[in-house]
Each structure stands twice: as C-alpha cells, then as structure tokens.
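Atoms within a ligand are numbered from 1 in the order they appear, just like the ligands themselves.
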Amino acid sequence: MVQRILQPGEIEGLDHNAIPRLLLPQPDSLFKARALRLRELAQGKIKGIPVDAGMQGYLVLMAALADAQAAVVGKLAPGAVPAADPDALRRAMQHRMPVLPVNGARPPVLRDIFASLLDELAATAASQPALSGGLTQVLAQLRALDAPDLDACADAVLDENGDNLNPMHAPFVAAALQILWSVSASELRAARVPDLETGTLCPVCGSHPVASVIRIGGQSQGYRYLHCGICESEWHMVRVKCSTCEQNGKIAYQGLDAADAKPFDPVTAKDDKLPNKANDPKKVARAETCDDCHSYRKVFNQEHDYNVEPLADDLASLMLDLLVGEAGYQRASGNPLLWMGRSEGSEGQQA
Ligand SMILES: [Zn+2]
Ligand SMILES: [Zn+2]
C-alpha cells in the first residue's frame with residue numbers, strides 16, 4: 001500500500017471527539033462583543049446577573065474602554081505588533097513554556113497603543129457628556145505618565161501587585177496590554193502552542209485566568225475553558241478539577257442564590273448538558289469553590305446564556321464575590337479591569 005501523508009485538516013477531521021484544547025482570541029470581534037455585553041449588564045438586561053445601581057456607572061465606563069480597544073485594534077497598521085520570534089517559539093515548544101510570556105520584554109509599540117487608546121477615549125468623553133466628567137480627569141492623569149511610570153504600572157498589573165498602583169489607572173494600562181497581547185496571540189497557530197506543566201496558567205502568555213467559561217457550539221460542546229485576562233486566549237480544563245490547585249475532590253458551586261449551593265456531583269454536571277435544562281438564569285454565573293485550597297473562581301455558562309463574556313460578566317457579578325468571600329473563600333486571581341484598594345493594614349500607611 002502507498003502510504004499517504006495526511007494534511008493538517010484531515011488529521012483534525014479524523015477524531016470527531018477531539019476537544020479543541022486552545023481557543024486563540026479574535027480581537028476584531030472580542031472587544032466589540034465585550035462592550036455590548038457590558039452595556040447590557042449595566043442596563044440590567046442579563047437574567048442571572050443582576051447589577052446594582054452602584055456598579056452601573058463603572059460598567060458603562062468599562063464599555064467605553066472596550067469600545068476604544070476595538071477602535072485601536074481596527075486601526076493598527078499591519079505588522080505594527082511584531083510577530084513572535086521563531087527562535088523563542090521553538091524554545092517555548094521544547095521546554096513547554098508560554099510562547100508569548102508576559103514577563104518577557106514588552107515591545108515599544110505598547111506606548112503607541114496606550115496613546116491611541118487615550119485618544120479614542122478622549123473622543124468618547126467629548127461626545128458623551130454623561131461620561132466626560134470623571135473620564136476627562138483620569139485621561140489627563142494617564143497622559144502625564146512618562147515611560148518609566150507606564151512600565152511600572154504595566155509591571156504591577158501583570159504581577160497583580162496592587163501596592164504601587166493607582167486603581168483608577170490600572171484598568172487603562174491593562175486594556176493596552178490586552179490589545180498588544182491579544183493581537184499577538186491571534187497570529188499564533190494553536191498547534192504550535194505547547195501545553196504547560198500546569199493547567200492553571202495561560203499556555204500562551206503565562207497569566208492567571210480571570211474566570212472559567214462553559215462553551216457550546218461545534219466541538220466545544222459543554223466543555224470548560226479558562227479565560228486569560230491578558231492575551232484573551234481560552235484553554236481547556238476538565239470540569240471536575242479545581243482551576244487553582246487541580247484537585248478534584250472538594251469542588252462545589254455557589255450561585256447568587258445561596259440556597260443553590262451544592263456539592264459537585266458528576267451526575268448533575270452531566271445533567272447540565274441536557275437541552276431541557278438550558279437557559280436557566282441561576283446557572284449563568286456561579287462560583288466554583290474548592291475546599292482543598294479554599295479558593296474560588298467564577299464560571300459562566302454559555303448553555304444558559306449564549307452571550308456570556310468572562311471578563312464583563314465577572315466584573316458585573318461582584319455580588320457573587322461578596323457572597324463567596326463571606327463563606328470564607330479567597331478569590332483565586334483578579335480581573336484586570338477592576339482594582340480594589342488595598343485592605344486596611346496591608347498598605348504602607350504607617351511608614
Ligand atoms: Zn494569556
Ligand atoms: Zn483548589
């Protein structure tokens with residue numbers, strides 16, 4: 001028999017049960033979808049994620065930021081974001097390391113992206129009186145950041161180190177990092193991105209996930225992905241594992257209604273996939289808690305709301321953080337668009 005070499009498309013077609021392990025971002029549509037979702041959340045249109053009045057203004061501001069990100073992505077000149085270095089890609093593959101590590105060098109184009117982002121936001125502030133007050137003020141401060149300031153802020157954002165960070169500046173610097181990293185990530189080929197030793201960090205950039213999302217459609221039916229807060233990639237992790245410590249014995253789900261909390265049960269998890277259980281608002285946003293490491297991370301379920309958006313939904317469901325925090329669980333990692341002030345006693349006030 002003549003041996004025939006299969007083409008990549010044919011190889012993927014051979015195994016219909018293969019789970020896509022990595023979903024690379026599509027920045028052209030991602031930021032637009034996020035802006036839309038943030039506005040709908042702010043307007044109280046999303047069943048399952050009620051938003052209190054105090055949060056509405058912030059969500060509208062973050063929607064303007066996501067719009068500005070979309071505009072900047074749309075105007076990027078071809079090749080403005082340098083392609084990943086082939087040698088670095090090879091080394092990453094060899095040693096199972098992130099291919100676009102956030103702790104590596106930051107290309108100088110970040111400064112241009114940041115400046116363009118501020119220009120877009122200034123135009124928004126000029127045309128939307130409701131936003132202009134606070135936004136104009138923070139834009140003036142952001143424009144005054146020099147290169148070392150911007151670098152220091154980017155370092156703090158990437159290290160999730162709130163100590164030296166102005167919580168009002170951080171989301172804007174994070175937004176510029178998201179543009180740069182998501183555009184770079186979108187140019188990769190998933191097959192050339194190795195799995196890391198740990199399943200809890202982004203295989204593309206090495207950041208922590210913001211939240212989990214249960215995806216439907218195509219081969220992703222009912223599978224859980226972790227969503228990266230910086231490069232916006234999503235990677236697969238089985239549903240029964242804790243996304244922080246990778247243990248699987250003591251997982252439970254907590255909804256916004258405390259009475260819904262129940263221990264993880266593989267039967268119920270399968271039951272979630274039945275079509276007659278779809279579109280249950282109580283299951284759109286839940287926290288997955290782990291009694292091995294006492295952390296939690298939220299999980300948003302596309303089976304119950306097709307348009308779930310991990311970053312936006314995480315931001316809007318602060319109420320769930322409060323509930324789970326009161327129950328004694330620590331949030332596993334932050335949301336780059338929201339920075340709380342340091343808790344009392346932990347900052348250098350006394351120094
Ligand atoms: Zn990433
Ligand atoms: Zn755990």
Which of Glu303, His304, Arg286, Lys283 passes side chain to side chain contact (heavy atoms under 4.5 Å, CB included) with Ile214? It is Glu303
Is the CD atom of Glu187 crowded by more than 12 outside heavy atoms at less than 6.0 Å?
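Above 12, so yes.
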Surrounding CZ of Arg143 (heavy atoms of other residues, nucleotides or ligands, distance under 6.0 Å), is the total greater than 12?
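For Arg143, atom CZ is crowded (more than 12 foreign heavy atoms under 6.0 Å).
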Here's a test for you: under side-chain hydrogen bond (donor to acceptor under 3.5 Å, both in side chains), which of His227, Arg34, Gln302 qualifies with Glu309?
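Result for side-chain hydrogen bond (donor to acceptor under 3.5 Å, both in side chains) with Glu309: Arg34.
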Measure distances from the Zn ion (ligand 1) and count the protein N, O or S atoms below 2.8 Å.
4
At distances under 2.8 Å, what protein N, O or S atoms surround the Zn ion (ligand 2)?
Cys242 SG, Cys245 SG, Cys290 SG, Cys293 SG
Please determine, by modelled atom types, if Ser317 and Lys298 share a side-chain donor-acceptor pair under 3.5 angstrom.
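Judged by distance alone, the side chains do pair up.
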Any donor-acceptor pair under 3.5 Å linking the side-chain atoms of Asn279 with those of Tyr306?
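Checked: Tyr306/Asn279 side chains show no N/O donor-acceptor pair below 3.5 Å.
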Show me the pairs that pass side chain to side chain donor-acceptor pair (under 3.5 Å) and involve residues 18-30, at least two apart or across chains.
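Found Arg21-Asp195.
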Inter- and intrachain pairs under side chain to side chain donor-acceptor pair (under 3.5 Å), touching residues 89-104, at least two apart
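Every pair satisfying side chain to side chain donor-acceptor pair (under 3.5 Å) with a residue in residues 89-104: Asp87-Arg90.
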Contact summary for Ala80 and Val109, nearest pair of heavy atoms
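The answer is O-CG2, 3.6 Å.
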